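Read the structure below first, then the notes.
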Number of protein chains: 2
Amino acid sequence: MATIKDVANRAEVSTATVSHVINKTKFVSQEVRDKVLNAIEETGYIPNNIARSLKVNQTKTIGLIVAYIENPIYSGVFREIEKYARNHGYSVLICNSNDDPDIEEEQIQLLLTNRVDGLIIVPSKNSKIPKKGLIPEGFPVCFLNRQLSGYSVPSVVIENKQASYEAVNHLIQKHNQKEVGIILGERHNQLSKERHEGYRLALLENSIEYNDDLVIEGYSTFQGGVSAVRDLASEGYFPDSVFITGTTMMLGFMFELKKMGISCPADISIIGFSDTNMSPLMDPPLSAVAQPINKLAERSVELLFEQIDGAKKGDLVEVLSCKVNYRMSCGCHWEPKFSQSNYDKFYESVYSE
Amino acid sequence: MATIKDVANRAEVSTATVSHVINKTKFVSQEVRDKVLNAIEETGYIPNNIARSLKVNQTKTIGLIVAYIENPIYSGVFREIEKYARNHGYSVLICNSNDDPDIEEEQIQLLLTNRVDGLIIVPSKNSKIPKKGLIPEGFPVCFLNRQLSGYSVPSVVIENKQASYEAVNHLIQKHNQKEVGIILGERHNQLSKERHEGYRLALLENSIEYNDDLVIEGYSTFQGGVSAVRDLASEGYFPDSVFITGTTMMLGFMFELKKMGISCPADISIIGFSDTNMSPLMDPPLSAVAQPINKLAERSVELLFEQIDGAKKGDLVEVLSCKVNYRMSCGCHWEPKFSQSNYDKFYESVYSE
DNA sequence: TTTCATCAGTTAAACGTTTAACTATCGTTC
DNA sequence: GAACGATAGTTAAACGTTTAACTGATGAAA
């Protein structure tokens, strides 16, 4: 493969001149420039970014580690991060940790060894990233969507409590629901705690007594959603509405509901967490909390870039608020209007094969 | 950041020795090795893969360009490719072309400049990758899922005709359907042509007359699926079954069906293309053609590695057969059995937040 | 005519590794 | 004790760039 030397020889100039025309770092006369450009054309020269990176000590690459690339949230986040990064002249090296702390650690190693300029990490659930030793002091890092305490690393997360409050409050105020249940993943989990808090707050503000029987752990599984329906039914009374804090559980819940002949939203109102592109197509179209994918991506990259540019961010936590999309599963009126919406465009492109 | 020199100084050995203990390329006495290992520990040395790549002239990185990372097929393919690559000591740089030929070209440039050792490309729909000039002669490349003719590049694709034949034949033979429709994307499109062929073959073999009124273009859109229902209904007769060759169209079709009060599978049997993890959760659980994601990923990486190791592959086309998963939408009997299946595991992990 | 700034290009060191070629030491063997 | 092979480490060039420092030519000002 041709090098800058080959180009220089062919154009009968020095490598410095070639470098300068490529990078526009110094004025080069039209005549010489043309010679160089021709030589590049003729030799099929492709600049070697590896050599460049070595010399300038930066790779213009950022590393991204996500738990599951197949989660629409993360594939969306990746798409946005990559777009944003590319617009700023950066590439992204992405790794899939499978939520495995060991793989996660290995991947951090790998990315550091490849000298990425910064790291955006969705920490794995049982992350054991050492507080020091693995990642050099002061290295640009940003946590995404999940925060880890005790690190001097900024994170950008979503406002779980507010989202939960909003959804539950909506059920109470707009649909006059008095018995609202909530299906959490695992109660002790940080995310669940925050969502639980928002739930309690909404009850409190509407002077509804808290009833722990209506709080169910679904362990984020389909089966958990199925069981939740049974649990609620066996309590003798069935709540008139429920806020389900996970997509999997929601699917299980809906599935079992249908099986038992309980109709939504007639018999029970539902709001889910994590609005996806499937939501409007469900039966009934699902009302759900939408995570601000774009903002999540944008802010994390920005926080990273600021660090790359030298700013210290400490353990700053940036909290992004969520929007709840109300469709039919909570009892709202909603029209699909697919023809004018962008669903079509989305599906056409994304699911076209 | 510490370099190999710092380590060498601290351990009071040469850089060559340090290199040898890191890479295990030469015997080093226990005593010296320990000194080096300690020095590495003490200096917090992280090997610089950039420098290494420059020297050994390979980056142990492969480039992957997909059309849409959010398409579950491609995020799945990516996950598998990354896993497979990592097991062979390779990283993967992935780019999202958005099916835009210009972005695609730019990204190929970028990856080449970053000296990836090989390239796996899902060509964009209107790909204008130049036959020569952009990618150096003999550079390891593999096309994935879509093939481009006229290039000396191997590809791995799925057997569309066979899949289509199988699905349609199933409708005819198992469910005794005489009028089977097919919804294609665009008729002139290569994929559609192949699927169309499989459809015709199935009819022919079962001595059913071909009727062009039952072949509908849905342009791979949700709206196209909606229209297809209306078109078929307006023909006066409604087919008893239909093979829908795209997820988006299938969603639109199902949506409109429900709206018109046509029941599936009682009134109409449906088989879709592209089985996803949503299929079993649909109402009714969807029968669909499943693309062999793992094989697709594995074979493409293998083909690439063989080229990296020096083999010439020409324009070899590797065709992978698909499996049709028969659930309820075609009229088959099917039991969810979620508790024992791996759906739960999948959803638990992937959609947990 | 001298001085000196500007211009357009060159020289060569440096980035952090790898690795072929080399060296010094120590046993063996005859 | 000479010759030699094995062992364990070192030396230094090379990979393909960038870029500070340098050079030589040109022309304007004093």
Side-chain angles (χ1 to χ4, degrees), chain A residues 1-40 43-61 89 109-117 136, chain B residues 1-40 43-61 89 109-117 136:
Chain A
M1 199 170 261
T3 73
I4 204 171
K5 254 185 211 158
D6 300 324
V7 176
N9 285 340
R10 188 168 250 271
E12 298 175 302
V13 297
S14 70
T15 61
T17 304
V18 177
S19 175
H20 285 135
V21 350
I22 292 174
N23 302 309
K24 305 192 202 310
T25 38
K26 210 172 183 188
F27 179 84
V28 175
S29 69
Q30 187 61 249
E31 186 194 11
V32 173
R33 190 158 7 122
D34 285 347
K35 273 203 298 182
V36 170
L37 260 16
N38 283 333
I40 288 178
T43 53
Y45 171 68
I46 301 173
N48 186 332
N49 214 14
I50 298 297
R52 169 168 225 286
S53 294
L54 177 62
K55 178 65 201 178
V56 305
N57 199 28
Q58 64 160 318
T59 53
K60 288 267 181 190
T61 301
Q109 272 296 358
L110 179 76
L111 293 170
L112 287 174
T113 261
N114 279 306
R115 290 297 190 271
V116 293
D117 295 334
Chain B
M1 199 170 262
T3 73
I4 204 172
K5 254 184 209 156
D6 301 323
V7 175
N9 286 340
R10 190 168 248 272
E12 300 178 299
V13 298
S14 70
T15 61
T17 303
V18 176
S19 176
H20 285 135
V21 349
I22 292 173
N23 301 307
K24 303 191 205 309
T25 39
K26 209 174 184 186
F27 180 84
V28 176
S29 69
Q30 188 60 250
E31 187 196 11
V32 174
R33 188 158 9 119
D34 285 346
K35 272 202 300 184
V36 171
L37 260 16
N38 282 332
I40 289 178
T43 52
Y45 171 68
I46 300 174
N48 185 331
N49 215 17
I50 298 297
R52 169 169 226 286
S53 294
L54 177 61
K55 178 65 200 179
V56 305
N57 199 29
Q58 62 159 320
T59 53
K60 289 268 180 188
T61 302
Q109 275 292 3
L110 180 75
L111 292 171
L112 287 175
T113 261
N114 279 306
R115 291 293 190 271
V116 293
D117 295 334

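Side chains are part of it too, since the values below use all heavy atoms of this structure and drop only hydrogens, waters and symmetry mates. Computed from a predicted structure; not experimentally measured. A, B, ... follow the sequence lines: proteins, then strands. Residue 1 opens every chain.
In terms of heavy-atom proximity, A/Thr59 sits nearest to A/Asp117 at N-OD1, 3.1 Å. When all heavy atoms of A/Ser14 and A/Ala8 are compared, the closest pair comes out as C-CB, 3.8 Å.
Nucleic acid contact class of A/Asn48 (heavy atoms, under 4.0 Å, all strands): sugar-phosphate only. B/Asn49 comes within 4.0 angstrom of no nucleic acid atom, judged by non-hydrogen atoms across all strands. At a threshold of 4.0 angstrom between heavy atoms, the contacts of B/Thr3 are confined to the sugar-phosphate backbone, with no base atom among them.
Comparing B/Lys55 and B/Ala16, the nucleotide of DNA chain D nearest to each residue sits closer to the 5' end for B/Ala16.
Along DNA chain C, read 5' to 3', the first and last nucleotides having any atom under 4.0 Å from a heavy atom of chain B are C/dG16 to C/dA21.
B/Ser19 contributes no side-chain N or O that, together with a main-chain N or O of B/Thr15, makes up a donor-acceptor pair within less than 3.5 Å.
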Quick one: which protein N/O atoms are closer than 3.5 Å to N/O atoms of nucleotides 5-9 of chain D? Pair and distance per line, please.
{"residue": "D/dG9", "atom": "OP1", "partner": "B/Ser29", "partner atom": "OG", "Å": "2.5"}
{"residue": "D/dG9", "atom": "OP2", "partner": "B/Ser29", "partner atom": "N", "Å": "3.0"}
{"residue": "D/dG9", "atom": "N7", "partner": "B/Lys26", "partner atom": "NZ", "Å": "3.4"}
{"residue": "D/dG9", "atom": "O6", "partner": "B/Lys26", "partner atom": "NZ", "Å": "2.3"}

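Annotation: the span from A/His20 atom NE2 to A/Arg33 atom CZ amounts to 13.5 Å, rounded to 0.5 Å. One distance of note links CZ of A/Arg115 with CE of B/Met1; it measures 5.0 Å at 0.5 Å rounding.
Using a 4.5 Å heavy-atom cutoff, the side chains of A/Val36 and A/Val13 are in contact. Using a 4.5 Å heavy-atom cutoff, the side chains of A/Ile50 and A/Leu54 are not in contact. Residues B/Val7 and B/Ile22 form no side-chain contact, since every pair of their non-hydrogen atoms from C-beta on lies 4.5 Å or further apart.
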